[in-house]
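The figures that follow rest on heavy atoms only: side chains count, while hydrogens, waters and symmetry mates do not. Atoms within each ligand, like the ligands themselves, are counted from 1 in listed order.
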Amino acid sequence: MKSYMNELGIKKYSFGQMIPTDTILETTFSEVKSTYDGIIRRENNETLIELPLEKNDIVYGLGQNVHGINKRGHIYEAFCSDDPNHTPDKKSLYGAHNFFIIAGESSTGWYIDFAGKITYDIGFTYREKLVITLSGSDFDLYEITGTPSEIVNQFRKLIGLSYVPPKWAFGYQQCRWSYETDERVREIAKGFEENDIPIDAIYLDIDYMERYKDFTVDEERFPNFETFVKELKSEDIKLVPIIDAGVKIEDGYDVYEDGVKNDFFVRDEAGQPFVAAVWPGKVHFPDVLNAPTRQWFGAYYHRFLEMGIEGFWNDMNEPAIFYSEKGLNEGIAFVKSQEGKNLDIGTFFALKDSIMNLSNAEKDYKSMYHKMNIDGEETVVNHYDVHNLYGYNITRAAAEGFESYDANRRFFLLTRASHIGMAKHSGIWTGDNHSWWEHIKLNIQMMPSLSMAGFLYAGADTGGFGHHSSGELLSRWMQFSLFTPLLRNHSAMGTRQQEPWQFDSEVTNHIRNLIRMRYALVPYLYSEYMKANLNQSLLFAPLGFTYLDERSKGVEDQLLFGDELMLAPIYESNARGRHVYLPEEMVKINLSQYESIGEQGFEWLSKGDHYIPQEVDELYAYLRPNRLLVLTEPKNRVSQLNYKQLTVIGFVKDTATYTLYDDDGITQSFKEGVSTQTVFTVTKSDQGFDINVDTNVHPIGDVTFYLIDESGKTHVIKQSGSKMV
Ligand code: MIG
C-alpha cells in the first residue's frame with residue numbers, strides 16, 4: 001500500500017494497482033508516509049474493510065440506491081443492475097456510486113475507486129460496524145474529513161464539475177414507451193397545445209428504430225424523419241430518441257459490420273464478439289472501455305445531430321442481457337434433458353431456474369472481455385471486474401461524440417447505468433420505478449445522495465413507469481418533481497396513459513398549474529443548479545447537513561433545496577396534509593398556482609412541529625429566514641421565459657440577498673465564467689424595506705415583492721424596472 005495526501009488534506013491509500021476508472025481528476029497528491037489504520041483483510045481475492053459505527057452515526061451517500069437518506073441498517077451492492085422492481089429487498093439499482101459519509105461527533109467521507117462489485121453491510125449484520133467487501137484487491141481509497149457539507153464539497157472537487165444540459169432541459173418532458181409513430185407524437189404535442197400545458201421535449205422510445213437497430217429510423221412509422229424533427233422544432237419541441245447498448249447482429253447493418261471489421265465489440269473467451277440478446281434478438285456490445293471504440297460509436301450520434309436532434313437517452317447499458325447465446329443453449333438442453341421425468345421439488349425448481357435465471361447472469365458477465373489501455377499497454381480485462389464502468393463509458397462515448405461534433409454546444413444526455421466517473425458527462429433518470437406511493441418517497445430520499453455523488457441533473461419517472469398511475473398519484477409526484485432538474489413523465493407499455501390530460505379535468509388543471517409553476521421557477525432552479533455545480537455543493541440536502549440538532553438529523557422525508565427552500569412533499573394516498581418539522585422559523589409559501597401567488601397569503605411558522613393541511617391541488621414550500629425566492633411569469637417553453645414580470649417572495653428579518661445566476665443556456669462558455677448575476681437585496685428599515693436590484697445584466701421589467709416580516713405581515717411592493725439602478 002502507498003499513501004498520499006493532496007493540498008486539501010484528502011488522504012488516498014492505494015492498494016495494489018487499480019484498473020483506472022477516470023473518476024478522480026488529476027490533482028496533486030504527494031506520497032506521504034502513513035499507514036491506513038483501519039481494519040482491512042484479504043480473503044480469497046476479496047478485500048474486507050471494516051469501519052466502526054458509533055451508536056448515533058448516520059451513513060449518508062451511495063448515490064442511486066434503495067432505502068432512506070440514512071443508509072444504516074441494510075446491505076447494499078455497487079453493481080449496475082437492470083432490475084425493474086425497486087423493492088426493499090433489492091441491494092442495487094442501475095448506478096454504482098461508491099461515495100459515502102459516516103456522520104457523527106466527527107465525520108469522515110470515503111470514496112472507493114474501484115470498477116468491480118462492492119458490498120456494503122451498513123450496520124445490518126453488526127449494528128456497530130460497516131463492513132465493505134470488494135471483489136478484488138486493487139483499489140484506491142480516499143478519506144476526507146470535515147463536516148458533511150465540507151466533505152461533499154471536497155469530494156466534488158476531486159471528481160470535477162457535473163454535466164450541464166441545455167437550459168431547455170429544465171422544462172417539462174413527456175415520455176411513454178412508446179409514442180410509436182410520427183402521428184402519435186403529433187397527437188401528444190397537440191394535447192399539450194390544446195390543454196395549454198408547457199412542454200419542451202417529447203421522447204422516442206425503442207419503436208422509432210428499424211427493428212431496434214441503433215441509429216436507424218423506421219421509415220414506415222417515421223417517414224421523412226428529418227422533416228418531422230424540424231416540424232416539431234418549429235413548435236420549439238425537442239425530440240429525444242433512445243439509444244440502446246446492444247448492436248443488432250444483421251448483415252448489411254453498418255454499425256454491426258463496421259464493429260466486427262474493426263474488432264470494436266466485447267469479446268468472449270475465444271476472442272470472438274460476445275453474443276447476447278436484447279430487443280433485436282442477438283446483439284454485440286461495443287467495447288467502449290477503450291478510446292477508439294468510443295470514438296467510433298460516438299460518431300454515430302452525429303447522424304441524428306445532423307438531422308436537428310439535440311439530445312438522447314442511453315438505455316439498457318448495465319448492460320442488460322435477456323440471455324446469452326451460450327446460456328440459452330445450456331438452458332434449453334437442460335429443459336430437454338428433463339423431458340418425461342417425474343419432476344419433484346428439486347428438479348422442478350431447477351427446471352424453472354434454468355430459464356428464469358437467464359437474464360443478467362453473473363456467468364455471462366464473467367464470460368465477456370474488454371480491451372483497455374492501462375498505463376500505455378493494451379490489456380484484456382474480464383467484464384466482471386469492470387462491470388460498473390460499462391454504462392458510464394457507453395454514455396461517455398455519446399458525450400465525446402457530441403464534443404467532436406460541436407465542442408462549444410451543450411447537448412442533452414441521460415443514461416440509465418452509471419458510475420460516479422460519469423457525472424461529468426451526463427444526467428441520469430432513476431430507471432424503472434412503479435406508480436407506487438412508496439416510490440415517491442424513494443425519489444425524495446434518493447435526490448440528496450445523488451447530489452452528493454455529483455449527479456445534479458437527475459429525476460425519476462414522474463407518475464411511475466410500471467403499474468397504473470392515478471391522477472392523485474401523478475399530482476402528488478409532480479409536486480415533488482417540480483424541483484428535480486429532470487422533470488419527466490414516463491410510463492411503460494400496457495399501463496394507463498399518463499399524460500396530464502388522461503385523468504379528469506380537475507387533474508388536468510392541477511397538473512397544468514404545477515407545470516406552469518415549474519416554468520415560473522425555472523430561473524431560480526437553473527440558478528441553484530449552476531451554483532450547486534460551480535460551488536460544488538448540494539442541490540438537495542438532508543436537513544442534518546444544515547441543522548445540527550438531533551431532531552433535524554433524523555428527518556427522512558423533508559429536504560433542503562438550494563439555499564432558500566425546505567420541501568416537505570406528500571407521498572401518501574388520500575392525504576389531506578402532513579406533519580412538518582421546522583428546524584427554524586420559516587414562511588410557508590403557496591406554490592399551487594402562479595396567478596394567485598399573492599392572494600393566498602404567506603404564513604409565518606415558528607420553529608418546531610406543525611400539521612399542515614395540503615389538499616391534492618395545493619403545494620407548499622418553506623422559505624428560510626432572510627431568503628428571497630425569485631419567480632418569473634410562466635410561458636409554454638423555456639426559451640420564452642424572460643425577466644419582464646418577476647415575483648420575489650422574501651422572508652426578511654433584517655437583510656436578504658439573492659444572486660440570480662444565468663447564462664446563455666446553450667454553450668459551454670459558462671466554463672470560462674461567462675454568466676450574468678442579478679443581485680436582489682432587501683433590507684428592513686424603520687420605514688419599511690429598502691430594495692435594490694442590480695440590473696446591469698438583464699432587462700428587468702416589473703417586479704412584485706411580497707415581503708414577509710417576523711410578525712407574519714406581508715408587505716406588497718411593486719417596482720418597475722426604470723426605478724432600478
Ligand atoms: O426493459 O425501452 O428504463 O425507460 O421505456 C425495458 C423501453 C427497456 C427500460 C427503460 C425504460 C424504457 C424501456 N426500457
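Neither the backbone nor the side chain of Phe322 has any atom closer than 4.0 Å to an atom of ligand 1 (non-hydrogen atoms only).
Between Ser418 and Thr395 the shortest side-chain heavy-atom distance does not fall below 4.5 Å. Residues Phe540 and Leu450 are not in side-chain contact: their nearest non-hydrogen atoms beyond the backbone lie 4.5 Å or more apart. Counting only heavy atoms from C-beta outward, the side chains of Phe483 and Leu567 approach each other to under 4.5 Å. Side-chain atoms of Lys248 and Arg211, non-hydrogen and from C-beta on, do get closer than 4.5 Å to each other.
The distance between the ring centers of Trp436 and His468 does not fall below 6.0 angstrom.
Checked by atom type and distance alone, the side chain of Tyr571 never pairs as donor or acceptor with a backbone atom of Ile444 at under 3.5 Å. For the pair Asn195 (side chain) and Ile197 (backbone), a donor-acceptor distance under 3.5 Å is absent.
The Ile206 neighbourhood of ligand 1 comprises atoms 2 (O), with distances under 4.0 Å to a heavy atom of that residue. The contact set between ligand 1 and Phe465, taken as ligand atoms under 4.0 Å from a residue heavy atom, comprises 4 (O), 5 (O), 11 (C). Ligand-side atoms of ligand 1 in range of Ile242: 2 (O), range being under 4.0 angstrom from any heavy atom. Every atom of ligand 1 is numbered from 1 in the order shown, and the set under 4.0 Å from a heavy atom of Arg416 is 3 (O), 9 (C), 10 (C).
Ligand 1 has no nitrogen or oxygen under 3.5 angstrom from a nitrogen or oxygen of Trp279. Taking only nitrogen or oxygen atoms, main chain and side chain alike, Asp315 reaches within less than 3.5 Å of ligand 1. Not one N or O of Arg488 is nearer than 3.5 Å to an N or O of ligand 1, by distance alone. The shortest N/O to N/O separation between Asp432 and ligand 1 falls below 3.5 Å. Considering backbone and side-chain atoms alike, His490 places an N or O below 3.5 Å from some N or O of ligand 1.
Between the choices Asp205, Asp244, Leu414, the shortest heavy-atom distance to atom 7 (C) of ligand 1 belongs to Asp205.
A side-chain contact (heavy atoms from CB on, under 4.5 Å) with Asp461 is found for one member of Arg488, Gln498, His439 and no other, namely Arg488.
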